[in-house]
K.L.:
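Take a look at this one; I'll ask things after.
These numbers were taken from a predicted model, which means no experiment stands behind them. Quick note on labels: first sequence line is chain A, next is B, and so on, each numbered from 1. Side chains are part of it too, since the values below use all heavy atoms of this structure and drop only hydrogens, waters and symmetry mates.
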Amino acid sequence: VGQKPEDCMNQDSAVIAAFKVFQQELDTKHDKYERLVKSSRDITIESKRTIFLLHRVTSVPDVEEILTEADVKLDSVRQKIGQIAEELRGEDLHQFHRAITPGIQEYVEAVSFHHFIRHRTLISLEEINARLVFMRENKAVDEVTCPGPCVLTFQITPTDYLLGVADLTGELMRMCISSVGNGDMDTPFLLGGFLREIHDGFSFIGNTGPYEVSKKLHTLRQSLGKVEDACYTLRVRGSEIPKHMLADVFSSRAAHLDPDDAMP
Amino acid sequence: VGQKPEDCMNQDSAVIAAFKVFQQELDTKHDKYERLVKSSRDITIESKRTIFLLHRVTSVPDVEEILTEADVKLDSVRQKIGQIAEELRGEDLHQFHRAITPGIQEYVEAVSFHHFIRHRTLISLEEINARLVFMRENKAVDEVTCPGPCVLTFQITPTDYLLGVADLTGELMRMCISSVGNGDMDTPFLLGGFLREIHDGFSFIGNTGPYEVSKKLHTLRQSLGKVEDACYTLRVRGSEIPKHMLADVFSSRAAHLDPDDAMP
Amino acid sequence: MSVTEMFSYIQGFLSADQDIREDIRKVVQVLEQTAREILTLLQSVHQPTGFKDIPSKCLKARELFCTVRNHTGELKTKFPAEQYYRYHEHWRFVLQRLAFLAAFVVYLETESLVTREEVAKILAIEVDREKGFHLDVEDYLAGVLILASELSRLAVNSVTAGDYGRPLRISNFINELDSGFRLLNLKNDPLRKRYDGLKYDVKKIEEVVYDLSIRGLAKELETVGE
Amino acid sequence: MSVTEMFSYIQGFLSADQDIREDIRKVVQVLEQTAREILTLLQSVHQPTGFKDIPSKCLKARELFCTVRNHTGELKTKFPAEQYYRYHEHWRFVLQRLAFLAAFVVYLETESLVTREEVAKILAIEVDREKGFHLDVEDYLAGVLILASELSRLAVNSVTAGDYGRPLRISNFINELDSGFRLLNLKNDPLRKRYDGLKYDVKKIEEVVYDLSIRGLAKELETVGE
Amino acid sequence: MSVTEMFSYIQGFLSADQDIREDIRKVVQVLEQTAREILTLLQSVHQPTGFKDIPSKCLKARELFCTVRNHTGELKTKFPAEQYYRYHEHWRFVLQRLAFLAAFVVYLETESLVTREEVAKILAIEVDREKGFHLDVEDYLAGVLILASELSRLAVNSVTAGDYGRPLRISNFINELDSGFRLLNLKNDPLRKRYDGLKYDVKKIEEVVYDLSIRGLAKELETVGE
Amino acid sequence: MSVTEMFSYIQGFLSADQDIREDIRKVVQVLEQTAREILTLLQSVHQPTGFKDIPSKCLKARELFCTVRNHTGELKTKFPAEQYYRYHEHWRFVLQRLAFLAAFVVYLETESLVTREEVAKILAIEVDREKGFHLDVEDYLAGVLILASELSRLAVNSVTAGDYGRPLRISNFINELDSGFRLLNLKNDPLRKRYDGLKYDVKKIEEVVYDLSIRGLAKELETVGE
Amino acid sequence: MSVTEMFSYIQGFLSADQDIREDIRKVVQVLEQTAREILTLLQSVHQPTGFKDIPSKCLKARELFCTVRNHTGELKTKFPAEQYYRYHEHWRFVLQRLAFLAAFVVYLETESLVTREEVAKILAIEVDREKGFHLDVEDYLAGVLILASELSRLAVNSVTAGDYGRPLRISNFINELDSGFRLLNLKNDPLRKRYDGLKYDVKKIEEVVYDLSIRGLAKELETVGE
Amino acid sequence: MSVTEMFSYIQGFLSADQDIREDIRKVVQVLEQTAREILTLLQSVHQPTGFKDIPSKCLKARELFCTVRNHTGELKTKFPAEQYYRYHEHWRFVLQRLAFLAAFVVYLETESLVTREEVAKILAIEVDREKGFHLDVEDYLAGVLILASELSRLAVNSVTAGDYGRPLRISNFINELDSGFRLLNLKNDPLRKRYDGLKYDVKKIEEVVYDLSIRGLAKELETVGE
Ligand SMILES: [Mn+2]
Ligand SMILES: [Mn+2]
């Protein structure tokens, strides 16, 4: 029994040698995980700031300017996602998924918000992933496997996409309320329809999706309620316009109201 | 109502000017917070690895070598704390406390473990803080306020110290069980006494401390129980040594057993 | 230092900390009481009869702020100046209310947004952290957001009281405020939640202005809006 | 692509994912059944009579591992190879048990630690992630730690069965294992918890050796230990 | 006294307590049933047709309060008077509902705030704790706050029913109530939470008045407001 | 019978139970799929354009209920009839959803409350527990409460779509429902919680009616209300 | 049938259900009381003096089981037989305790495992669900697992009382039990959790046997083990 | 009485209540401080050297209980006697700790169970609720259960300190306690949870006695056991 210290000194035993390998393997993995967490946090912050920037579109005349500025910000986020892709080159994405999922979801939220403002449609997962293709200078090491400039891609998972879109609905609700406040009469109805489509989409998926999705459904439903209430209020008060004023009001503040969309 | 967009264009209004200042102030603070969170994570990881390293002392002959290696690791942690101190220069520590507290607690745990192994005593808060004094090259900017090489200190709060010490007890328990497994007959009793002192200290503080401390008391009590059980087992089985073997056993495996401490 | 000594030392620190908190709590309670009195005073502007003597109410409120300054003066003495954020939670709530009340008084007096400097002066505290007990920028902003919601209520009640011009002026004021807030990148914290509420205040006021406008009660609108 | 189409597309993905999981669950259930059979077989070595025919038990276990290999072979076909960690949770538990069982068989046969490579071979899976369905290093380590706790029990029961040499050999084996684990930096995860248990196994075995030693029943000790 | 004897003796205590609680629960159930009946009766005032025969509904409610008084009379006999707070949780909820119902009846009858004395009398219980089973002041206040939210609903529905004067009167009543509550220094407890809801009721009613006012439907307002 | 034999025998029991649960789960999954399809179909009535073709949507929903009936028919065969409550949790959730969907269809068709008998018929299950797979009364009530909250949403959206008559009819319907529920003595269970939500639905709809009424958009009201 | 009539009718259902639950609760309380008495009686075997008169204790316990049978007889009459699982939760806990007590008596009498049939007979209930109020197989197994933990305690205390043979017999018994349970494929439910505790009981008893064996106090072992 | 007057009057009530609570909290804080001092004092018996001077420690503890009596004396004056249960939560925790400490002192002095009367006397409070500030029976029981867990620790540490007789005496004491508790019909409350922990204490102490007994260190056992 007293000899144990000596046994353990047997540093060149096969067991010890094997565990030295394990040590390195585990440390490497852990370090990588940690680097990914940090990247993810950076992505979250920058995406959130992009969303704040995009909300300014309801109050400024030049929407395009903001969209461009937001795109520049998103480009820098994509660069960071590129770093993640680099980090995950040859790895199993799912092994490190928990480290990066918060950032990725926030990016989906930001990029889909940007897309909605520009195109008034829901960006597809393919469209998002199509912009996550990165050219990389080749490292001498893997020249064999990948000659010339190397193409690196990052594939957002459908679940992260879904979770990002769920959060998007909160931003759309905020945009809707702001629009009403800014006297914009058609955006609310447009948002109402779009949000209802997303809501119906989520209820079509129901509880077949992952648990995190179901958790966000309640908030989604609340947002939809707020938007529907806003549309309702616009309609109700619109019903009251005295006949003699109708022309005035229409010309002064609802010139671009699309009768097809807004009138039932 | 329709004029709002124009109002908002009044970018040089006093209000807008003020909010631009606020924006910068908030972003600066947020960015700093984020950098501190990252430093704290680094500190946590490196401290944890130091603790793992220190646990090897129960199974190797040259304790000093490990202690020195651990001290080198702790030095690098201290460098990171120095970065935090730099970051907090002129700030109110408590404003960013939540960002750094996990890392700082882990450092207390590691450094007090190191100290216990070397000195068999509890390191004091002063002793810890005394090593968190950093010399800094002076930046031209604040040359006025601080001429010559600038001294920067970091003061760990009593609460973080307490929480770190609470976690230390878990490591001491692990060390105790390992010692028994390695046939070491006096470390367990030593640890038992030490842990009991810490336990009594915590029960003296009771619920006057912050909530986080009370939360850790249960684990602390469990650790103490495990150590007391181990001491009990050693004593009980020690009572059984047949008279004729006593000499043998003592010479072969309990040579350094201190009769004063170990025999009641 | 023995373990026991160490724990005694820490215990001493914890007791001192608790004593400080107890002291702070007491002053804060008194502050809250005074804040409630100012609120009751200013709330009466929502009454139909309340619109008449706004100036005299503001004067009275200004007097009560003297008392507030005494209390904030006392509060500062209760803890080491550089540990403001250690005890921040204790007075954060009341400070936001007071910032709101100061902003409300100033709005009623001049229909303009109180600056952070002015609030600090009214409360006899600092703007810069380095100079002493100060008004955190987020607390100032929270106070301003409470004002926005109070003004949306005021817009409604001023119509009831027959004052059709005020809603339009409130509308302009609040729109500028909204533009300001859009510049900020807020975290997911209480301030962000409050800011989300601002959108509803803006919306409510817009609805009042709309109601006035379709009834031809807002003739001033065109002129003011330009 | 319309919103509806988009959600249909995602729903398709989710269904496919669920089907895969369902398939995996079924194979895993069968694997668990076989693992339980191997366990029952090997557990009998703890019986006083069990020490006699360890070799024959190992042979039978080896046969059952053939069945295991069939199941792991099937498991691999159930999902895209590069998505191992996506479904890891489903088989993690049973794979750790199987790693333990493989380690136990090898220990009983040769009293040496099974390597990761050997376990992979016994289960007909890979060591390197890149090569296909593999044995995660943490799962291998978890299996080894289950072995340690099984051996501490075996040390106790071999004394009951009158075999006084085995505890000493187990002691040496487990000490080496312990030294190995001390090299690792574990996170606060299930593996860390299991590793904390190893200390108790080491302690238990040390106590058995002590009991033998003070009774002079461990004469071999000196020789073996050197 | 042996340990066994002592514990038997203690068990006597525990049983007695459990029996009391069981008895209380039964009476409280009956009280809840009657409270629900009164509620159903009074709720009908929200119907368009309900505004006509408020007096007859109040009369019927008054009759049902006789039954309530029988039950409270029974409740008092179920436990020693000085242990009111020991069992308070059992009847707290229903007592708050009954206080609300009493306050609602009185409001419908006289458009005034029921006093604590009146509620106590309607329920045949005491005001002063010293005199017996009493109405705790917090429970009275909780009941009054439920009334406030009921009245905000009533204001809405009276407009629907074409009664444009009632909202203005409700508005005055609720403003007075609000001022009253602002005199109180509430702790951070359920009552405080309920009180926070009061400001929404105030705002809702103000908006109803606004709606009437901007449409010229609130001619009485000027007179009332003076 | 040896211990081993007995446990083997018991394992038979356990397997049988697990198989039943597995079978039930599969049918329930399909039921949920169909329920989701009906929901998606009926939810489209909230779209501004959705109000036009309610009848055709109801027809399509009725068709989908045929599929439902096939599934419930299958479900019944999966377990012994008298063990309904043993497996209740498996289908409770989907049955409540289906009860809601049946209630929604019937409401859209006839603007009346579906009875438990009708729901049972639509789902091809029993009302009386004794007769076989039945609709538990609590599950029926849960379904009805989901309908109430759907209708409060419908009231809002029908106004947006320009249908001003519907909210008044919904209001009457929901008031009747509310009176009905007040007759029930619910325990402190999930159903009670859901029921507490009903009063928000009632209030919401009353506010819609109010909005229409004050703007003179609710001419029918007078007639209906009498 | 009007809505009101329907809800009145439904309230009848709900009341009936609540009454049944109340009735069941009362009988179950009495059952728990008797179970506690049997436990106190049997617990005394752990006392050093308790080993002497095990048979007389078993006799007394058998008598108390008569009372149990009266209560179970009463319990059956409280609800319709086919709704066993509807109310299962109410008696599940006490039934498991009673199964344990029956198993304990039988073990003390014959050192063999009680069968489910025997337990059912002792409690005067059925084995087959179809025949009436029965002993669910999971509840039987739960009772057996409680026995295992009681026996590990008994092994310890019998050594204290100087009975060195009993631990060996308990060890054999519990090993057989363990093999039995390993035949079962348990779900992730409370039973599975309890079963995970069995391995600690097995280990504890093995250590007792080890302690006896290394001290030469277990001479019988060799003979028994063969 | 106007609404304002009434609310002012009510505020008087609320303030009085808050003042009482503040006063109670202060005294309770001091009590907790003293209780912690007694605990620190008595806990030192677990130290290897602590066993020597138990009597002198008990004396010192008895002195500290004088201080406790002063505080309880003060506590009584802070609120009307019949409102004990209104403020019970404030001192419940510390009273349980003090009951434990009293029970611990008495046990160390005489190795017997303190009665509720004795605890009341040590704390200078009443046993009967009617006579004034009393010791609630549940609080007494909670204190006794804390003692049980402290004694299981003491049994372990007394062996470490070389006192082999004490565990046997503790074992008898705790068995008697266990029988006592089994006479009680506890509700599903915190006390019940604590009581569930008692069986672990019992088992722990039995294992200590076993360890001593198998090593022949418990010679007294035979005599005591008879
Ligand atoms: Mn967002
Ligand atoms: Mn640690």
K.L.:
Distance check, rounded to the nearest 0.5 Å: B:Lys48 atom NZ versus D:Lys187 atom NZ?
P.N.:
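Going from the NZ atom of B:Lys48 to the NZ atom of D:Lys187 covers 11.5 Å.
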K.L.:
In Å, rounded to the nearest 0.5 Å, how long is the span from OH of D:Tyr195 to CZ of B:Arg174?
P.N.:
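These two atoms lie 9.0 Å from each other.
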K.L.:
Which atoms form the tightest heavy-atom contact between D:Glu206 and B:Gly181, and what is the distance?
P.N.:
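For D:Glu206 versus B:Gly181, the nearest heavy atoms are CG-O, 3.3 Å.
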K.L.:
Nearest 0.5 Å, what's the CG-CG distance between B:Asn182 and D:Asn175?
P.N.:
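Separation between the atoms: 6.0 Å.
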K.L.:
Could you state the interatomic distance from OG1 (B:Thr233) to OH (D:Tyr210), rounded to the nearest 0.5 Å?
P.N.:
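Between B:Thr233 OG1 and D:Tyr210 OH, I get 11.5 Å after rounding to 0.5 Å.
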K.L.:
Report, as yes or no, whether the 6.0 Å neighbourhood of atom CZ on B:Arg98 holds more than 12 heavy atoms from other residues, nucleotides or ligands.
P.N.:
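Count not over threshold, so no.
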K.L.:
Show the nearest heavy-atom pair for residues B:Phe52 and D:Leu184, with the distance to one decimal.
P.N.:
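Closest approach of B:Phe52 to D:Leu184, heavy atoms only: CD2-O, 3.3 Å.
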K.L.:
Counting neighbours of CD on B:Glu65 that are heavy atoms of other residues, nucleotides or ligands and sit closer than 6.0 Å, is the number greater than 12?
P.N.:
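Open: at most 12 neighbouring heavy atoms sit under 6.0 Å from CD of B:Glu65.
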K.L.:
For B:Lys80, does the NZ atom sit with more than 12 other heavy atoms under 6.0 Å from it, leaving out its own atoms?
P.N.:
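Atom NZ in B:Lys80 is packed in, count exceeds 12.
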K.L.:
Among B:Cys176, B:Ser178, B:Ser179, find the one that has a side-chain contact (heavy atoms from CB on, under 4.5 Å) with D:Lys199.
P.N.:
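Of all the options given, the one that passes is B:Ser178.
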K.L.:
Going through the checks in order, is the side-chain hydrogen bond (donor to acceptor under 3.5 Å, both in side chains) test met by B:Thr58 and D:Arg182?
P.N.:
CA-CA 10 Å; B:Thr58 47; D:Arg182 277 167 198 269; 2.6 Å; yes
K.L.:
Can you tell me which of D:Leu186, D:Asn188, D:Asp201 forms the most heavy-atom pairs within a distance under 4.5 Å of chain B?
P.N.:
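Ranked by heavy-atom pairs under 4.5 Å with chain B, first place is D:Leu186.
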K.L.:
Do NZ/NE/NH1/NH2 and the carboxylate oxygens of B:Arg237 and D:Asp211 come within less than 4.0 Å?
P.N.:
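No, B:Arg237 and D:Asp211 are not salt-bridged.
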K.L.:
How about NE2 on B:His119, more than 12 heavy atoms from neighbouring residues, nucleotides or ligands closer than 6.0 Å, or not?
P.N.:
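Buried by this count: over 12 neighbours within 6.0 Å.
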K.L.:
May I ask you to name which of D:Val202, D:Leu198, D:Asp196 has the most heavy-atom pairs under 4.5 Å with chain B?
P.N.:
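Of D:Val202, D:Leu198, D:Asp196, D:Asp196 has the most heavy-atom pairs under 4.5 Å with chain B.
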K.L.:
Is it true that, when you exclude B:Lys226 itself, more than 12 heavy atoms of the residues, nucleotides or ligands shown sit nearer than 6.0 Å to its NZ?
P.N.:
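Buried by this count: over 12 neighbours within 6.0 Å.
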